[in-house]
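Take a look at the structure set out below.
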Protein chains: 2
Amino acid sequence: MAAKRSNLTLDDRSRRLLKALVERFIHDAQPVGSRTLSRDSGLELSPATVRNVMSDLEEMGLVAAPHTSAGRVPTVKGYRLFIDTLLKVQPLSRVEVEQLRENLQTGEEFNPQSIISTASSLLSGITNMAGVVTLPRRDHSEIRHLEFVPLSEGRVLAILVFSDHEVQNRILHVEREYSPSELQQASNYLSSLFAGRGLMDVRQRLLGELSRTREDMNETMRAAVEMAGKVFSNSEEEDYVMAGQVNLMSFKELSDVDKLRQLFEAFTTKRDILHLLDQCVSADGVQIFIGEESGYKVLDECSVVTAPYEIDDHVVGVLGVIGPTRMAYDRVIPIVDVTARLLGAALNSRE
Amino acid sequence: MAAKRSNLTLDDRSRRLLKALVERFIHDAQPVGSRTLSRDSGLELSPATVRNVMSDLEEMGLVAAPHTSAGRVPTVKGYRLFIDTLLKVQPLSRVEVEQLRENLQTGEEFNPQSIISTASSLLSGITNMAGVVTLPRRDHSEIRHLEFVPLSEGRVLAILVFSDHEVQNRILHVEREYSPSELQQASNYLSSLFAGRGLMDVRQRLLGELSRTREDMNETMRAAVEMAGKVFSNSEEEDYVMAGQVNLMSFKELSDVDKLRQLFEAFTTKRDILHLLDQCVSADGVQIFIGEESGYKVLDECSVVTAPYEIDDHVVGVLGVIGPTRMAYDRVIPIVDVTARLLGAALNSRE
DNA sequence: CTTGGCACTCGGCCGGCGAGAGTGCTAATG
DNA sequence: CATTAGCACTCTCGCCGGCCGAGTGCCAAG
């Protein structure tokens with residue numbers, strides 16, 4: 001008895017029971033009792049025995065009873081153990097993978113923005129939960145083109161084209177008016193200087209260029225460098241695209257309107273969610289936060305499954321799924337995993 | 001008696017009572033009874049008399065009783081009458097208007113997109129309901145600049161700058177490769193042709209240009225016209241920006257999670273809402289849909305208050321507020337009205 | 001260690017009850 | 001004849017008690 005309870009050393013029978021319990025609970029969202037468990041655990045055990053085991057599991061903090069005479073429910077710790085050691089992931093079928101790939105390779109319009117948002121929609125659509133994808137960090141994206149267009153009164157529009165066809169517009173404030181031809185020159189000069197280089201590289205190079213504003217540079221070149229400085233100083237703020245929030249309203253664990261409101265507020269505020277997602281870029285593969293583990297109380301009843309995605313072998317962002325703690329991890333995990341890979345591939349494909 | 005009931009001819013007393021009832025109900029969301037009404041209608045009437053009047057109003061379909069022994073509640077027809085003939089709008093104070101104006105004139109970054117979304121946030125923030133602003137139609141916006149940037153493999157990036165600093169990017173598919181200088185030429189040619197002209201004007205002109213592809217045009221010019229054709233054929237799809245949906249979750253008339261879900265689905269689908277908003281561009285000033293009047297059953301419990309906004313004396317979009325039928329119309333109406341004017345002004349200000 | 005048996009404990013589901021709020025009707029009043 | 005007071009009636013809501021079913025904990029037997 002004392003031996004069995006010795007931390008984390010769980011005999012096979014208990015583990016199978018826990019597994020059965022979690023699976024059952026995930027399936028029908030109700031506390032599961034000893035009778036049910038003794039039936040479909042696969043083991044030949046009477047309800048009474050199951051009760052004893054349950055009692056042990058409860059003492060270990062793996063399951064909990066909502067009230068005296070309800071069945072048991074997994075705790076966060078229980079889910080954790082389940083996911084880490086008991087879960088058998090269901091790999092996606094070839095067909096499913098192909099469908100995902102097709103949907104992401106929209107063919108015609110190659111537009112990173114829209115690929116990102118289809119990814120988000122796909123995640124939410126397949127899982128019936130909320131999908132989220134952070135916009136890729138562009139530190140390592142190569143620059144294809146830099147162009148300036150004159151606007152009125154000391155404003156210049158800078159257009160930045162990356163090699164993956166992402167286009168960014170920024171408006172600069174400059175001291176004097178520049179003629180179109182001047183801007184043209186500047187644009188040519190900078191494009192030749194930066195084309196094919198990564199953003200981080202460019203920033204560094206620019207720093208050097210700015211410091212030694214040599215006399216052999218003509219006025220236009222100096223202006224060009226200065227404007228470039230403004231363009232690239234703009235550290236872009238992080239952001240994410242979310243889809244399928246409404247799906248979360250169907251779960252009865254979130255039927256409390258007030259809880260729901262707080263959750264949705266967190267989604268629109270974005271700050272906390274971004275923080276959380278940021279933690280996942282460093283992680284190697286799929287990462288899972290169960291309930292309170294995330295550290296944000298609005299997510300107490302939710303789990304978050306994430307995976308980083310890569311462009312050119314650099315991790316540039318994270319995608320994932322947000323849903324109730326009680327989610328089909330065996331399906332969700334591979335979905336998130338595969339989608340991350342496919343998104344990376346899709347964003348790479350026209351290098 | 002018969003005389004009193006004669007359609008729509010409501011004696012002064014009944015009207016004041018109806019007014020009091022609606023105001024009271026808007027204020028505290030509960031059916032209001034004869035006792036309360038006789039107290040704060042301002043008239044010296046006993047509850048019994050009030051009851052008689054209520055009975056008449058009910059027969060006319062202006063109020064309804066949720067059940068036998070509850071007070072009365074305004075019907076849609078009742079609200080309509082209230083708004084059309086009884087409501088005394090509360091004009092905004094000078095300070096409030098100034099605050100709105102300041103918030104919209106973000107000074108620094110003049111960016112239509114961000115102005116639109118602050119407008120939406122302001123609407124939702126002040127009213128504690130959901131704010132919505134359609135993106136401006138650009139039919140009459142003047143074009144300031146048109147630029148082409150070569151991308152890989154038969155793709156050209158077209159950049160379209162409007163006089164209000166709105167920038168749009170479109171990717172074109174072209175048959176052959178164009179050299180940067182060719183594109184430069186094309187861009188110059190088209191800019192000179194179109195700069196300062198409205199989009200509709202440009203479209204028309206382009207049609208003529210396309211039809212008579214004369215021999216005196218060189219190859220580059222022909223290509224330019226062709227590409228321009230592609231740029232301007234893209235009829236941009238309509239869209240809107242919404243803010244403060246979460247606010248709607250606090251209203252107890254929308255506390256049913258399922259109703260709420262349908263409402264939010266309509267918000268993300270956008271189609272129906274866009275349809276509804278479209279109907280308001282033609283309207284002259286503030287327009288109000290009460291409950292079922294909108295024709296969309298998800299909005300049955302909601303009212304929508306809208307006003308079109310103008311740039312350069314052309315109506316280009318609509319903004320408004322969505323909330324429960326029971327909203328403080330006397331405040332919301334002027335807010336929507338003023339915001340529409342201010343948004344127009346803000347988008348105009350740097351012609 | 002496992003199991004069957006048994007008492008016990010909860011939550012959920014009526015059905016009844018009383019209070020409160022508000023109505024409709026009628027008869028009295030100015 | 002409109003207004004009012006009075007009164008019976010209706011309906012909601014919250015509360016209590018009882019009952020059922022599900023499930024537990026414990027104990028004693030296998």
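Below, read A as the first sequence line, B as the second, and so on, with proteins coming before strands; counting in each chain starts at 1.
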### Message
Check this one for me: any side-chain N or O of S34(B) less than 4.0 Å away from OP1 or OP2 of dT23(C)?
### Response
yes

### Task
Using a 4.0 Å heavy-atom cut-off across all strands, classify T49(A) as base, sugar-phosphate, or nothing.
base

### Message
Given T339(B), which partner from the list D337(B), V336(B), I335(B) fulfils the side-chain contact (heavy atoms from CB on, under 4.5 Å) test?
### Response
I335(B)

### Task
Indicate whether OP1 or OP2 belonging to dT3(D) is found under 4.0 Å from a side-chain N or O atom of R13(B).
yes

### Query
Nearest nucleotide by nearest heavy atom, which residue falls closer to the 5' end of DNA chain C, P47(B) or P47(A)?
P47(A)

### Message
Could you measure the distance from the NZ atom of K19(A) to the CG atom of L81(A)? Nearest 0.5 Å is fine.
### Response
12.0 Å

### Query
dG4(C), dT4(D), dC11(D): which one has an atom nearest the side-chain heavy atoms of H67(B)?
dC11(D)

### Query
In whole angstroms, how far is the P atom of dA2(D) from the CG atom of L43(B)?
17 Å

### Task
Check whether any side-chain heavy atom of L43(A) sits under 4.5 Å from a side-chain heavy atom of R13(A), and report yes or no.
yes

### Cationic N near anionic O, under 4.0 Å, R24(A) to D40(A)
yes

### Task
Could you tell me whether the phosphate oxygens of dG22(C), OP1 or OP2, come under 4.0 Å of any side-chain nitrogen or oxygen in R72(B)?
no

### Message
Within the 4.0 Å heavy-atom criterion, would you say A48(B) contacts the bases, only the backbone, or no part of the nucleic acid?
### Response
base

### R51(A) CZ - dA28(D) P separation (whole Å)
16 Å

### Message
If you assign T68(A) and R35(B) each to the DNA chain C nucleotide with the nearest heavy atom, which residue ends up on the more 5' nucleotide?
### Response
T68(A)

### Minimum-distance nucleotide to L45(A) side chain [options: dC10(C), dT3(C), dC11(D)]
dT3(C)

### Task
May I ask you to evaluate whether S69(B) reaches the phosphate of dT23(C), defined as a side-chain N or O under 4.0 Å from OP1 or OP2?
no

